[in-house]
Number of protein chains: 2
Amino acid sequence: MNVLEKARRMLKAKAVRPTMIRVRLLAYLLAHPVHPTADQLYQALLPGFPTLSKTSVYNTLDKLLEVKLVRLITIDEKETRYDAGTGVHGHFLCKHCSDITDFAANPDYTGCTELSGYQIDDCNVYLTGICKVCLQNINKTQKEEKAV
Amino acid sequence: MNVLEKARRMLKAKAVRPTMIRVRLLAYLLAHPVHPTADQLYQALLPGFPTLSKTSVYNTLDKLLEVKLVRLITIDEKETRYDAGTGVHGHFLCKHCSDITDFAANPDYTGCTELSGYQIDDCNVYLTGICKVCLQNINKTQKEEKAV
DNA sequence: TTACAATATTGTAACCATTACAATTTAATA
DNA sequence: TATTAAATTGTAATGGTTACAATATTGTAA
């Protein structure tokens with residue numbers, strides 16, 4: 001089953017009309033788990049969908065958020081990112097290359113005294129730092145500078 | 001020691017000039033751990049500091065962030081909030097009343113395979129849901145509606 | 001199929017938090 | 001006091017997001 005069909009079924013399962021935009025946008029998110037911004041989604045879908053408007057991207061994302069097929073990621077305060085990845089997982093933002101890496105995280109705060117009696121609907125774990133690749137590049141550069 | 005003096009000492013310890021704005025803003029954050037927005041800080045400080053400008057609030061926050069006396073909270077994608085609370089703790093956002101509650105959280109992801117070799121500098125845990133008080137109000141309202 | 005109503009999409013303009021920048025003020029040092 | 005660096009301010013711009021009205025599309029029923 002290709003990703004378009006998969007997206008179509010996911011939408012139907014949530015009783016959301018599987019319109020062109022919705023299917024394509026969800027399919028893109030499923031096929032490209034890189035947490036794109038709204039603008040990146042717009043730019044990516046535009047070639048295959050020339051009548052697409054930015055507003056429609058936002059409308060579509062709102063609808064997908066509403067039925068929880070998509071999650072918001074606010075790890076970067078500059079712009080919101082979107083993720084169709086299911087299941088709880090954390091996000092690591094590299095301050096050097098701005099890439100976001102997923103990692104396994106399923107924290108349990110039900111026993112937390114401060115939150116006793118609270119209804120917890122959603123959980124996001126955001127880490128920031130420097131990723132492996134950037135660390136290696138930085139080390140390499142420093143050695144070269146020393147050598148000079 | 002009052003909170004202004006405490007703020008002054010914290011700034012000196014970080015080698016940041018304890019200017020009027022910085023001392024007052026940090027003191028306000030220490031005394032009001034409610035995670036205000038930049039605009040809320042501006043409105044709160046303005047009466048006691050009529051020449052204050054919005055830009056200065058942002059500049060001051062940037063400086064305090066730089067020396068890590070303040071943390072960013074991006075749990076709400078609409079606007080950034082600021083927190084002078086020290087130590088790792090999580091934030092719970094009530095979707096009903098928009099209040100943010102702190103809770104103890106000190107997750108350890110150093111053993112996480114996906115992040116092996118990564119340098120982790122900062123950690124934020126964001127939960128959303130409905131707080132105790134709002135849950136009780138909702139229940140009360142529902143009972144009253146049933147009674148009618 | 002056709003007509004109608006509901007829903008979805010689009011373009012434009014507005015909104016608003018944040019930032020850029022240049023001018024002014026304040027503070028530190030000699 | 002003079003000099004210089006740092007801090008503060010006001011204005012204008014930036015840019016992601018949203019409001020809204022017009023248009024297009026879809027689903028349903030006759």
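A, B, ... follow the sequence lines: proteins, then strands. Residue 1 opens every chain. When reading the values below, keep in mind they use all heavy atoms of this one structure, side chains included, and skip hydrogens, waters and symmetry mates.
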State, without any angle test, whether Ser53(B) and Ser56(B) hold a side-chain donor-acceptor pair at a distance under 3.5 Å.
yes

Axis-to-axis angle across the helix from dT1(C)-dA30(D) to dA30(C)-dT1(D), five pairs each end, nearest 10 degrees, ~ 30°

Any non-hydrogen side-chain atom of Asp83(A) less than 4.5 Å from a side-chain atom of Leu29(A)?
no

Practice item. With the side chain counted from C-beta on, respond yes when Val34(B) and Ile100(B) share a heavy-atom pair under 4.5 Å apart, and no when they do not. Key: no

query: Checking Arg81(B) side chain against His35(B) main chain: does a donor-acceptor pair fall under 3.5 Å?
result: yes

Got a list of protein N/O to nucleotides 14-19 of chain C N/O distances below 3.5 Å?
unit_1  : atom_1 : unit_2   : atom_2 : d
dT18(C) : OP1    : Thr80(B) : N      : 3.2
dT18(C) : OP1    : Thr80(B) : OG1    : 3.1
dT18(C) : OP2    : Tyr58(B) : OH     : 2.5
dT18(C) : O5'    : Tyr58(B) : OH     : 3.2
dT19(C) : OP1    : Lys78(A) : NZ     : 2.6

Between Tyr28(A) and His32(A), how do the two ring planes meet: parallel, tilted or perpendicular, split at 30° and 60°?
parallel

Short N/O separations, protein against nucleotides 5-8 of chain D, under 3.5 angstrom:
unit_1 : atom_1 : unit_2   : atom_2 : d
dA6(D) : O4'    : Arg17(B) : NH2    : 3.4
dA7(D) : OP1    : Arg22(B) : NH1    : 3.0
dA7(D) : OP1    : Arg22(B) : NH2    : 3.1
dA7(D) : O5'    : Arg22(B) : NH2    : 3.4
dT8(D) : OP1    : Thr19(B) : OG1    : 2.7

Rounded to whole Å, the CG-P distance (Leu45(B) to dT9(D)) equals 11 Å

Here the distance between atom P of dG15(D) and atom CG of Asp76(A), to the nearest Å, is 15 Å

Sorted by chain and residue number, the salt bridge (charged side-chain N to carboxylate O under 4.0 Å, His left out) partners of Glu114(A) (sequence neighbours excluded) come out as none

Output for pair (Ser98(A) OG, Lys78(A) NZ), nearest 0.5 Å, gives 11.0 Å

So OG1 of Thr51(A) and CE of Met20(A): to nearest 0.5 Å the spacing works out to 8.0 Å

Less than 3.5 Å apart, which donor and acceptor atoms pair up between the side chains of residues 36-48 of chain B and the rest of the protein, not counting sequence neighbours?
unit_1   : atom_1 : unit_2   : atom_2 : d
Thr37(B) : OG1    : Gln40(B) : N      : 3.1
Asp39(B) : OD1    : Lys54(B) : NZ     : 3.0
Gln40(B) : OE1    : Thr37(B) : N      : 2.9

Please list, one pair per line, the donor and acceptor atoms closer than 3.5 Å that link side chains of residues 119-148 of chain A to other protein atoms, with sequence neighbours excluded.
unit_1    : atom_1 : unit_2    : atom_2 : d
Gln119(A) : NE2    : Asp121(A) : OD1    : 3.0
Gln119(A) : NE2    : Asp121(A) : OD2    : 3.4
Asp121(A) : OD2    : Lys95(B)  : NZ     : 2.9
Asn124(A) : OD1    : Arg71(A)  : NH2    : 2.7
Tyr126(A) : OH     : Thr74(A)  : N      : 3.0
Thr141(A) : OG1    : Asn137(A) : O      : 2.8

